[in-house]
Protein chains: 2
Amino acid sequence: MISVVILGTGNLAMHLTTAFTTAVDSKVLQVFGRNRDQLKLFEKYTKTTTDIKKLAIADVYIIAISDDAIGSFSKELKLKNKLVVHTSGSVAIDALENDGRIGVFYPVQTFSKDRPLDFKTIPICIEAEEKEDLLLLDKLARTISDQVYFIDSGQRKNLHIAAVFANNFVNHMYKTSFDLCVKHDIPPEIVYPLILETAEKATKLPPSKIQTGPAKRNDIQTIESHLKALTGEQRNIYKLLTETIQKSYGKKL
Amino acid sequence: MISVVILGTGNLAMHLTTAFTTAVDSKVLQVFGRNRDQLKLFEKYTKTTTDIKKLAIADVYIIAISDDAIGSFSKELKLKNKLVVHTSGSVAIDALENDGRIGVFYPVQTFSKDRPLDFKTIPICIEAEEKEDLLLLDKLARTISDQVYFIDSGQRKNLHIAAVFANNFVNHMYKTSFDLCVKHDIPPEIVYPLILETAEKATKLPPSKIQTGPAKRNDIQTIESHLKALTGEQRNIYKLLTETIQKSYGKKL
């Protein structure tokens with residue numbers, strides 16, 4: 001049985017708490033947070049504290065707070081010879097400034113408050129300075145997920161960029177798509193099945209093999225008619241992505 | 001029972017043929033195609049012909065061929081007082097040049113050869129010049145789908161642009177994301193659950209409410225470090241989309 005203390009009370013802290021609580025071979029001894037209202041939500045799962053000097057003794061301490069607070073927060077931790085990990089995709093391991101053992105425990109997913117997720121399918125990327133710590137994190141991760149990867153800080157930085165494309169930028173494409181629908185009295189729901197199928201497909205076949213559309217076909221007439229219909233940022237995005245796709249798929253310039 | 005003839009032998013023609021064949025209140029009398037090998041694949045469902053002068057007498061003729069061939073192909077059809085529709089998102093209704101009644105029957109989805117789809121959930125956008133024809137198309141569409149929408153050619157053009165963002169451009173984001181993974185020895189599968197959850201989420205909550213990431217947070221340090229790690233087209237896309245998201249969510253410039 002591996003014991004953890006969760007440091008933080010946001011969406012990820014909650015998802016981790018429920019995942020470890022449900023797991024057979026790991027458990028949450030305590031959740032620490034400064035926001036009492038937020039902390040209250042964790043009371044039904046485990047003990048809580050607002051006092052950083054009163055942390056329980058656990059095998060692993062998991063920091064799940066905003067990226068830019070990780071460094072300064074870790075400095076406050078006075079845990080001798082304990083493994084402290086952060087959960088961020090974009091922060092290097094050495095941002096942790098506590099005395100002692102450090103590591104990373106990064107679940108690659110977008111977490112929201114009211115959307116339950118099956119942790120079993122969520123990839124967890126782990127990193128540690130010491131081999132025994134890496135093995136401990138591997139064991140811990142496998143108590144809640146079937147997909148565990150050793151990813152070092154250099155790789156994780158690039159994985160985070162890849163996630164920005166796959167999540168942040170894709171979400172902005174969805175927004176643009178829905179904005180266009182609403183502007184022209186088209187119910188955005190019409191696009192939902194297309195969105196879901198496009199995502200599904202990318203997990204089965206290489207996206208380069210299934211690219212379609214006016215840019216891929218180099219259908220100049222349609223591209224020009226679309227550009228004429230668009231303005232501002234939407235037009236800029238359409239233009240750049242069309243040119244990029246044309247180049248990727250061998251349009252001779 | 002509404003009878004149809006399918007004109008074309010591509011992916012969409014096949015998906016429509018199987019959908020109408022399975023439907024209770026519609027049937028495919030015949031499939032026409034010039035490519036004998038392709039046409040062979042339809043023989044187990046219905047009659048086929050390579051002779052455009054020997055089309056069966058049906059209620060609706062559905063052209064499922066490439067966009068730029070629709071106009072010239074429709075001219076060849078000698079069908080007096082029969083409803084002829086095309087299936088394209090990007091072609092106006094009046095591109096049809098046959099004598100007689102015309103319409104559009106546009107399923108908003110991306111069709112591939114080997115991926116079965118549940119047509120019930122695929123939105124079908126219909127248009128016709130005559131009211132009776134619109135009602136006939138509505139009835140026909142409802143034999144295979146639960147989602148039928150009246151969308152005129154002006155709206156459909158914009159819907160097609162919205163689909164370019166939601167499908168073509170999103171797929172290119174996936175490609176870029178996977179390219180980055182592969183380049184840095186990261187298994188692209190790590191990003192799959194993120195992709196699926198991002199898509200699911202967009203169908204439940206407005207994308208503007210769930211936008212996250214360095215651009216949304218206006219996290220200049222991370223953005224600059226990402227830009228430094230990227231080159232070429234990937235960098236250009238990152239830059240433009242980041243600026244656009246920053247502007248959308250109220251960064252003061």
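All values reported here derive from a predicted model rather than from experimental measurement.
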Open item on the list: Please list all pairs meeting side chain to side chain donor-acceptor pair (under 3.5 Å) that have one or both residues in residues 185-197 of chain B, counting only residues at least two apart or in different chains.
Closed with: A:Arg115-B:Glu197

TODO: Check whether any side-chain N or O of B:Asn158 sits under 3.5 Å from a backbone N or O of A:His184 as a donor-acceptor pair, and report yes or no.
DONE: no

Task: Options A:Asp179, A:Asn167, A:Val191, A:Leu159, ranked by heavy-atom pairs under 4.5 Å with chain B, top entry - done: A:Asn167

- [ ] Measure the OG1-CD1 distance between A:Thr110 and B:Ile210 for me, rounded to the nearest 0.5 Å.
- [x] 7.0 Å

TODO: Let me know if B:Ile151 has heavy atoms under 4.5 Å from chain A in its side chain, its backbone, both or neither.
DONE: side chain

Open item on the list: side-chain contact (heavy atoms from CB on, under 4.5 Å) for A:Ser248 and B:His172? Distances and angles first, verdict last.
Closed with: CA-CA 10 Å; A:Ser248 296; B:His172 192 68; 3.6 Å; yes

Open item on the list: At a heavy-atom distance under 4.5 Å, which candidate from B:Lys216, B:Gln155, B:Gln147 has the highest pair count against chain A?
Closed with: B:Gln155

Task: Interatomic distance, A:Thr121 atom OG1 to B:Leu196 atom CG [nearest 0.5 angstrom] - done: 8.5 Å

Task: Under 4.5 Å from a heavy atom of chain A, the part of B:Phe111 involved - done: backbone

Task: chain B contact via A:Leu240 - side chain, backbone, both or neither, heavy atoms under 4.5 Å - done: side chain

Open item on the list: Could you tell me if the side chain of A:Pro123 sits less than 4.5 Å from the side chain of B:Pro193, heavy atoms only?
Closed with: yes

Task: Heavy atoms from other residues, nucleotides or ligands near NZ of A:Lys120 exceed 12 (cutoff 6.0 Å) - done: yes

Task: Region of B:Val170 that comes under 4.5 Å of a non-hydrogen atom in chain A - done: both

Task: Option that, when pairs with chain A are counted at under 4.5 Å, heavy atom only, ranks first among B:Ser225, B:Ala229, B:Gly154, B:Gly89 - done: B:Ser225

Open item on the list: Is there a side-chain contact between A:Pro206 and B:Phe178 in this structure, where contact means two heavy atoms from C-beta onward sitting under 4.5 Å apart?
Closed with: no

Open item on the list: Are there over 12 heavy-atom neighbours, none belonging to A:Lys131, within less than 6.0 Å of that residue's NZ?
Closed with: no

Open item on the list: Quick test of your reading: applying ring pair (Phe, Tyr, Trp, His ring centres under 6.0 Å), list the pairs with at least one residue in residues 217-245 of chain B, sequence neighbours left out, ordered by first then second residue.
Closed with: A:His160-B:His226, A:Phe169-B:Tyr238, B:His226-B:Tyr238

Task: From A:Asn171 atom CG to B:Ser208 atom OG, the distance as rounded to the nearest 0.5 Å - done: 8.5 Å

- [ ] Would you sort out whether B:Thr244 and A:Asn236 count as a side-chain contact (heavy atoms from CB on, under 4.5 Å), showing the intermediate values?
- [x] CA-CA 9 Å; B:Thr244 307; A:Asn236 294 341; over 6 Å; no

- [ ] Specify the closest pair of heavy atoms between B:Ala163 and A:Ser177, including all atoms of both residues, with the distance to one decimal.
- [x] N-OG, 4.4 Å

Open item on the list: How long is the straight-line distance from OG1 of B:Thr198 back to CE of A:Met173, given to the nearest 0.5 Å?
Closed with: 13.0 Å

- [ ] Considering only heavy atoms and a distance below 4.5 Å, find which of B:Asp68, B:Leu241, B:Leu180 pairs most often with chain A.
- [x] B:Leu241

Open item on the list: Checking B:Ser66 against A:Arg217 for the side-chain contact (heavy atoms from CB on, under 4.5 Å) test, could you report, in this order, the C-alpha distance in whole Å, the side-chain angles of both residues, the deciding distance, and whether it holds?
Closed with: CA-CA 11 Å; B:Ser66 63; A:Arg217 287 195 307 276; over 6 Å; no

Open item on the list: I need the B:Ile195 CD1 to A:Gln109 CD distance, nearest 0.5 Å.
Closed with: 10.5 Å

Task: Contact summary for B:Asn168 and A:Gly213, nearest pair of heavy atoms - done: OD1-CA, 3.2 Å

Open item on the list: As a quick check of understanding, evaluate side-chain contact (heavy atoms from CB on, under 4.5 Å) for A:Gln211 and B:Lys175, giving each step before the final call.
Closed with: CA-CA 9 Å; A:Gln211 184 67 48; B:Lys175 176 184 185 294; 5.7 Å; no

TODO: Using non-hydrogen atoms and a 4.5 Å limit, figure out which bit of B:Lys183 sits close to chain A: side chain, backbone, both or neither.
DONE: neither

Open item on the list: Please give me the minimum heavy-atom distance between A:Tyr174 and B:Ala202, naming the atom from each residue.
Closed with: CD1-CB, 3.4 Å

Task: Residues, nucleotides or ligands: over 12 heavy atoms within 6.0 Å of A:Lys139 NZ - done: no

Open item on the list: Let me confirm one number: the CZ-CD1 distance from B:Arg235 to A:Ile161, rounded to the nearest 0.5 Å.
Closed with: 11.5 Å

Open item on the list: As an exercise: rank B:Asp67, B:Ile122, B:Ile186 by heavy-atom pairs under 4.5 Å with chain A and give me the winner.
Closed with: B:Ile186

TODO: Could you tell me which portion of A:Pro187 (side chain, backbone, both or neither) has an atom closer than 4.5 angstrom to a non-hydrogen atom of chain B?
DONE: side chain

